[in-house]
Every structure is written in C-alpha cells, then in structure tokens.
Amino acid sequence: MDLAALTIDRIRRGLLRREFSAVELATEALRFAEAENARTNAYLHFCPERALGAARRVDEKLARSEDPGPLAGMPVAVKDVICTRGVRTTCGSRLLAHYVPPYDATAVLRLEEAGGVVLGKTNCDEFAMGSSNENSAFGPVRNPVAPDRVPGGSSGGSAAAVAQGTAVVALGSDTGGSIRQPASFCGVVGVTPTYGRVSRYGLVAFASSLDHIGPFARNVRDAARLLGVIAGRDELDSTSAFAPVPDYAALLDAQVRGAKVGLPREYYADLASETGDLVYRGVEVLKRLGCQIRDISLPHTGYAIACYYIICTAEASSNLARYDGARYTTRAKEGETLIGMYRNTRGEGFGAECKRRIMLGTYVLSSGYYDAYYLKAQKARTLIARDFSGAFQQVDAIVTPVSPFPAFKLGEKLDDPLEMYLSDIYTITGDLAGIPCMSVPCGRTAAGLPVGMQILANHFDEAGMFRLADAFERAGGVEAL
Ligand code: GLN
C-alpha cells in the first residue's frame, strides 16, 4: 500500500471493497509514520492505542454493514496544541511536557465520530508562536522537501506529516498564518476557515480573537471533506457560529468562468522574486479558466503587522498567565514564597519567544499605554477588516502570495525576531479580518522549493474559496502552463 498517495476517497473504496481493514491500515500507517519520523521530527508522540481503538470501531461498523462515516479509517495527525483525552498535549512547551488533558477538543471528537483515526500529535512552535517551528521545546521540524530548511510554522509538524505522507490529513491552528505558511513551505493544501466556523473548544488559547483550527491535506477535496466534518456550531464554544455547514466537497467540480478575482496592489508592490513569478503564473492559470482579474486596493495593509503583534501579544500575555505551576503545569522547585515558585516555574518553563510576547503583551495592556497601543491596534484592525468587506463588494475572491519567500534554512532567521515577524505580512490580514483563506500549491522554485498561492474569500464563503482552489488544482496548477 502506498501510504503517501492515499486520499480519503481511496481509503473509503479500499475499506468498502474489503481490500484492507481499518485496523490493518492503522497498523501500517503507525509503523510507517514512526519509521519516517526520524527524518523530520514532525510527530512529538504517537497514540497507537487510541488509533487502533478508532480503527476497530470502523471495522465493526463495516462488519454490521453500517456507514463507517465520511472519514472512515483515515490516518490523521493532530497539532499538539489541540487537546486529546488521555494523550499528552504539550503545546511544544517544556511547561506542559507531562500534561494529559481529561477531555477532547470538539474538532478531534468530530473527526473520530466520522471514522478518522488519530495517529499522534505533531510538533509546533511553543504555544503556536512562530513562523519556523524552531521555537518548539522538543527540537525543530525538518522540511520533508528540503531537510536543511524549516517546514514553516507554527503548525510545521502537521504540514510536514501530510507532505511526507505519514498522515493523509492533519489538523493545525492558525492565529496569524500558522496553517497557510507551513502548507506553502511544504507544498500541501492548508485552510484557515472563517473565525468561528470551527469550534475552538480544546484548542489551547494563544490569542483568542484570532485563533482558528483548520485542515491540512494533499488536495483541495480532502481539505474540504475534513472541514465539513469539523465545522459547525458547538455549545462548548460560544464564539462558534450557527451558520449551517454546506457539503463543501459536493460543491467542487464547478466552473469558475466569470468569477471575479482581485489582486490587491499592496501585496504585489514589492514582489519581484521567484515567489512573485510563480504567483503571477498562478493568476495566469485562473485567467485561462475564465476568471476576471481585477486590480483592487486594501489600503490599510501596511498597518497589519504592527496591529497583529500588539493584539496577539496582549491576548497571549493574558492567556498564558494560567501557567503558574499551581495547576496543570510542571512545577519548578519551590521558591521561598508563592511568587518565587511562580517565577521559577515560568522562568524555567517558557522559551524565549513566549517570554518576549508575554512582556510585549503586558506592556501594551499596561495603564498609560493601553490607549496608545492596544486600543489603537483594535481600531486599525477594524479598518483592515473594512478594507476586505469593501473589496468583496467588487470581487468574489482575492489572490495573493502566502509568504514573501519559500522555506528558509534552519537557523537563518532565528537571531532576528523582527525579521521573522515580517515574514507573516501576507497571512495575518486574513486572521485580523476573520475571513476564510487558504494556501494551494503553486509550483516550485528553481531549487525545488514549494510556493503557495493564497486565496481569500468573504466570511463563510469557504465553498467559493474551495471551488476556485479545486478548479486551479484540476487544471494542473502552474505546471500546466
Ligand atoms: N507566525 C505568527 C506568529 O508568530 C503566526 C502564528 C500562528 O498563526 N499561530 O504569531
């Protein structure tokens, strides 16, 4: 069985025709993933008991001739910031190295109810803060396409697992680009749904007003299938939306002739690079498919990075206050005082990036600075969101690069946090506006490094976004030109 070539449909067919059982597939997938993991460090740990239990339930349903579910038998990897009952959830942090949640995230429960088989938990930047996966306390992930390069971050492990073929699909989380950027760097599909489309219950909070759970897959159809399963209102997350969930996969295979696609000039201004050339070729493919390409403007784009790094650090400083050694975190040696114990626990437990963000966030929220920074950033956020609402009155979708450059070398940007922050320039606007956006593979550079094209759509128009991405993929992407 060629595990790296499996799709949801292929697995379903194989199970229904009794070519293999779900337990056989899970056993083989676990063996393959464990063996391959030495190359990338994509998984932090595996959960064979849970995986085989889920696979057994699929086989039992098949034996009773019941529908085994839309994701029957599908091997899936889950980013380690998403809670799994009885299975360690570390958030890539030393502080949570031994944390075993007593409950499951809603997204995980839903995908298992649909027949999915969770193989293990994937590596990530500590508390999802980073763009290279180098902020993990458990070592970086290597890009399966080029092992001396980063896989992107923070969901680097999930992207690498799907690219490497050790999972068919994966769950990641995105606050400022952590699904789309690693998808782009590893050459897979990555989707950030509308804010509130997928329940955040059980997603360890980084910046609550920006956090999303979303799928990785090797093709648009599988990403659409997975999103259809995990999306929808959840009583356990009051910010989850009531909007009905369409059958995304059934809406694919449609014509995109006549669709209006906007190219925001602010995103293309400094794009004289191989990445830029590839994205322009991607646009050419859309043109040949009959899309109408429009020049548009998103005038407040220039404020996005400053705005994001104020809001996300503010929210992070508040969310991370709970890791104090008194509850679920590893406790440092007792200090003389309670404050001393907190200080030791947090001082030893958090890595440099988390500490930097807690300090920045505490500063921008402090009295005297709140109005100048936090409040101002919230106002800028509104303007950025309005830019998008205005644009979607003229166009159906917006197409941009995902990242200014392809996967960079391990260690290359580690000493310059600001340079690392600037690499998020094209992805954070979508999170600030709360709109759906995705990365779809858009060819490779001369050195063979994958580049992603970003598609952004209006709130809750995942279906329109998928349709464009699927048409692009079916046309053969830029390789077809
Ligand atoms: N790279 C961005 C950051 O460091 C985005 C992270 C994310 O989306 N979780 O904050």
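As the structure lists them, so they are numbered: ligands from 1, and atoms in each ligand from 1. Numbers for residues simply follow the sequence, beginning at 1.
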Next item on the list: Determine whether the side chains of Ser209 and Glu315 contain a donor N or O and an acceptor N or O closer than 3.5 Å.
Entry: yes

Check: Does a donor on one side chain sit under 3.5 Å from an acceptor on the other, for Asn123 and Ser136?
Finding: yes

Notebook entry, point to check: What is the ring orientation for Phe127 with Tyr323, classed by angle as parallel under 30°, tilted 30 to 60°, or perpendicular over 60°?
Noted result: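 Ring orientation, 0 to 90° scale: tilted.
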
Check: Applying a heavy-atom distance cut-off of 4.0 Å, which protein residues contact ligand 1?
Finding: Ala128, Met129, Gly130, Ser131, Ser154, Asp174, Thr175, Gly176, Gly177, Ser178, Phe206, Tyr308, Tyr309, Arg357, Asp424

Notebook entry, point to check: Between Tyr363 and Tyr373, is the gap from one ring center to the other below 6.0 Å?
Noted result: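 Between Tyr363 and Tyr373, the centre distance is under 6.0 Å.
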
Margin query: Is it the case that atom CZ in Phe405 sees more than 12 heavy atoms from other parts of the structure closer than 6.0 Å?
Written below: yes

Check: How about Arg386: does its CZ atom have over 12 heavy atoms from other parts shown lying under 6.0 Å from it?
Finding: no

